[in-house]
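Keep in mind the model is a prediction, meaning the values are calculated, not measured. Reminder, nothing fancy here: chain letters follow the sequence lines and each chain counts from 1.
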Protein chains: 2
Amino acid sequence: MADVEPGSPGRAGGLRRNGVSITDVAKAAGVSTQTVSRVANGHASVTPSTRENVQRAMRQLGYRPNSAARALRNGQFRTIGVILFRPTATGKTTTVEAITAYAAKAGYAITLIPIDVPTQDNMMGAFTRMDELAVDAVIVFIETELLDTAIVQLPPGVHIVVVDSDAADRYRVIDSDQGGGTRSAVEHLLELGHETVWHVTGLRTSYASRRRTQAWRDALEAAGRPVPPPVEGDWSAASGYAAGQALADRPDCTAVFAANDQMALGLLRAFGERGRAVPDEISVVGFDDIPDAAYFIPPLTTVHQDFAEVGRRSAQEVLRLIQDHATPRLGTDIVPTRLIIRNSTAPPSRIR
Amino acid sequence: MADVEPGSPGRAGGLRRNGVSITDVAKAAGVSTQTVSRVANGHASVTPSTRENVQRAMRQLGYRPNSAARALRNGQFRTIGVILFRPTATGKTTTVEAITAYAAKAGYAITLIPIDVPTQDNMMGAFTRMDELAVDAVIVFIETELLDTAIVQLPPGVHIVVVDSDAADRYRVIDSDQGGGTRSAVEHLLELGHETVWHVTGLRTSYASRRRTQAWRDALEAAGRPVPPPVEGDWSAASGYAAGQALADRPDCTAVFAANDQMALGLLRAFGERGRAVPDEISVVGFDDIPDAAYFIPPLTTVHQDFAEVGRRSAQEVLRLIQDHATPRLGTDIVPTRLIIRNSTAPPSRIR
DNA sequence: CCGCCAGATGTTGACGTCAACATCGCCCCA
DNA sequence: TGGGGCGATGTTGACGTCAACATCTGGCGG
């Protein structure tokens, strides 16, 4: 059998990605490898003619620095790991994109580690893999309880920033203003004249969900209003639809705050089917402000989150940690949210 | 200031990610590095007691293999690069997640390279970075025209698989069955009794969009129906809404095929506002079958795409190329689509 | 004209891992 | 009881890069 393909130079098995190493360039240019290295890294003290010479050789041979060797030499990988759950909720994608874009500008790459089910085992696995992987820092989208035990797995040198969590006492956390956003939604409905506001929660295991539910309750209590039992959802439009079917039968329910826009969509359809007109008979507010929300029927009043800004700040923080070799500062960096008022909210009808 | 933290061993500057190397473990266990390597890699011919011994040392010291060194040694990075545009369209996220999950199972990581604007310059930049990065293969979500000139930048050893493109003559392409899906949508509407089907296109620069428009035209012509002028959209609900406002005024328009679900959402709202009842007066079909589509008002008839399957197959193909050291096979691997009939389509009303 | 200095270039070794080869010790059989 | 053989373990070197140090060259001042 043909052990060595003709024309495939280098080792058998074609292991080498690119046969051209610094040594080859050095040979071709008639200089030492060190000089080539200096040219490649833009160091001073190389004669223009030599530089020219080396660069020509590089171009001719198609030289690319080998990043593995570099990483080995420098102890840095110029890579940031991102751990997140699947299926990825609406905005996270945007956040991840922003992280990627920001990191790319600084010459860092992003490595994705998805976790299917947020069990501790899987978490540990993810961190272990992250660690085996070449990563200088990690950005985690994760639930706190799981974080705690898993985190010990991470080697000391790796920096961590957490998104969407309440682990601010131990890590640097970046998050949208869940509390403020929720409060503005509830207060908006109260100001319209609604007696109280019902609530469809997100997935119980989600921090963001719990945070929103908590803030909803707080806002109601602060206004001295009764707190109706929250209806449990799971972020999906289907669960919002189910919640809507339950809520539609209650004449005392005139305003609903859904923990995200998809569930609000489900509510809209359920109320529509039951003949409860939105917003005339019943008001609905969502959370997230997904692009489609403006085209729901009716256009959805919702809390806008700046997902991209969350990503940008996470990347920025992580880069700061890596580059300044800084100590992590704890606490939460809160990205503002704002209420976008569209047509799904109105004063309660007097008819009742 | 504290230049060196007490208790932070190793080099100044904290370069080492993790002070523990194979050598340290070897020393601690009183064996050679090679034995440690053998244990780490699960090789046979290590006495159980020795293995136990080494494993204990590993655990105690918190040893993690250094992937840079491994990559250098093996000439493989166990990483797959994914190049894609921002902002990411609906399903791509799902596809990328599937790729990541599949690759993870094989012990491969995913590195993301986003491109903001699909210019040739940016493309070249992405490939160059991809190349400097440690990547064994690349999966590209990209427009063909741009691909051609940029591709030369890639070093010979790196494998490529293309998603969502028509470059099947030069690369391995994985794609949803755009043509079949579109045809089934158009035929469904025709069978319901509509004279013809109008069309709202996606972004003109998108291959998927062009492919769908083409298939729509073909299906109409094959049935001997008149081909109305396509209305140009840009994938967004806003553009669908605008298109809907234009179409609502035409009494001869009784059926519309939108190139994606968001635009269909926009159509639904526009028609609703103009008092053109869907589906009684006018039928709407989308493409993608996003999770929300079932909760639109009315629930949307649409073409289901299996985004995850596309991802899985891409990853599978790329892994095959890497591991079997195989030659790329050209041609397109088509993932089936299927029409999901909900309530946004009905026979044309006789009233007219 | 000699020697010193500075700038350009070369040499060496180390980063961590692992394949290939070398060696060591023990068991088993003649 | 001695030798062959095999399994367990050790030693060496190389992957590509680059910092640190070594060396070499030429110019310039004394």
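Residue contacts for B:Thr47: at a heavy-atom cut-off of 4.0 Å it reaches the sugar-phosphate backbone alone, with no base atom in range. Residue-level contact check: B:Val46 touches the backbone only, with heavy atoms under 4.0 Å from sugar-phosphate atoms and none from bases.
The distance between atom CZ of A:Arg73 and atom P of C:dG16, rounded to the nearest whole Å, is 11 Å. One can place CG of A:Asn74 at 16 Å from P of D:dG16, the figure rounded to the nearest angstrom. The CG atom of B:Leu72 sits 9 Å away from the C1' atom of D:dT17 (whole-angstrom rounding). Between the P atom of D:dT17 and the CD1 atom of A:Ile22 lies a distance of 5 Å, rounded to the nearest Å. Note: CG (B:Asn53) to P (D:dG10) measures 11 Å, nearest angstrom. The separation between B:Phe77 atom CZ and D:dC15 atom C1' is 11 Å, rounded to whole Å. To the nearest angstrom, C1' of D:dT17 lies 11 Å from NE2 of A:His43. Protein atom CG of A:Asn66 is 17 Å distant from nucleotide atom P of C:dG16, rounded to whole Å.
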Steps toward side chain to side chain contact (heavy atoms under 4.5 Å, CB included) verdict (A:Arg320, A:Arg329): CA-CA 11 Å; A:Arg320 194 185 67 85; A:Arg329 45 182 178 193; 3.4 Å; yes
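Counting only heavy atoms from C-beta on, B:Arg38 has its side chain closest to D:dT9 among C:dT17, C:dC18, D:dT9. Proximity note for A:Thr35 (side chain, C-beta onward) versus D:dG10, D:dT17, C:dG10: the nearest is C:dG10. Of the candidates D:dT9, C:dC18, D:dG16, D:dG16 carries the atom nearest the A:Ala69 side chain, counting heavy atoms from C-beta on. With D:dT17, D:dT9, C:dC18 as the choices, the nucleotide that has an atom nearest any side-chain atom of B:Thr50 turns out to be D:dT9.
Look at B:Arg313 and B:Glu309 and you find a salt bridge, because one of the NZ, NE, NH1 or NH2 atoms lies within 4.0 Å of a carboxylate O, short of that distance.
Map B:Ser45 and A:Ala40 each onto its nearest nucleotide of DNA chain D; the residue landing nearer the 5' end is B:Ser45.
Taking 4.5 Å as the limit, every side-chain heavy atom of B:Val318 sits out of range of all side-chain heavy atoms of B:Tyr108. Annotation: side chain of B:Val140 is not in contact with side chain of B:Tyr171 (no heavy-atom distance under 4.5 Å). Using a 4.5 Å heavy-atom cutoff, the side chains of B:Val96 and A:Leu112 are in contact.
OP1 or OP2 of D:dC18 sits under 4.0 Å from a side-chain N or O of A:Arg70.
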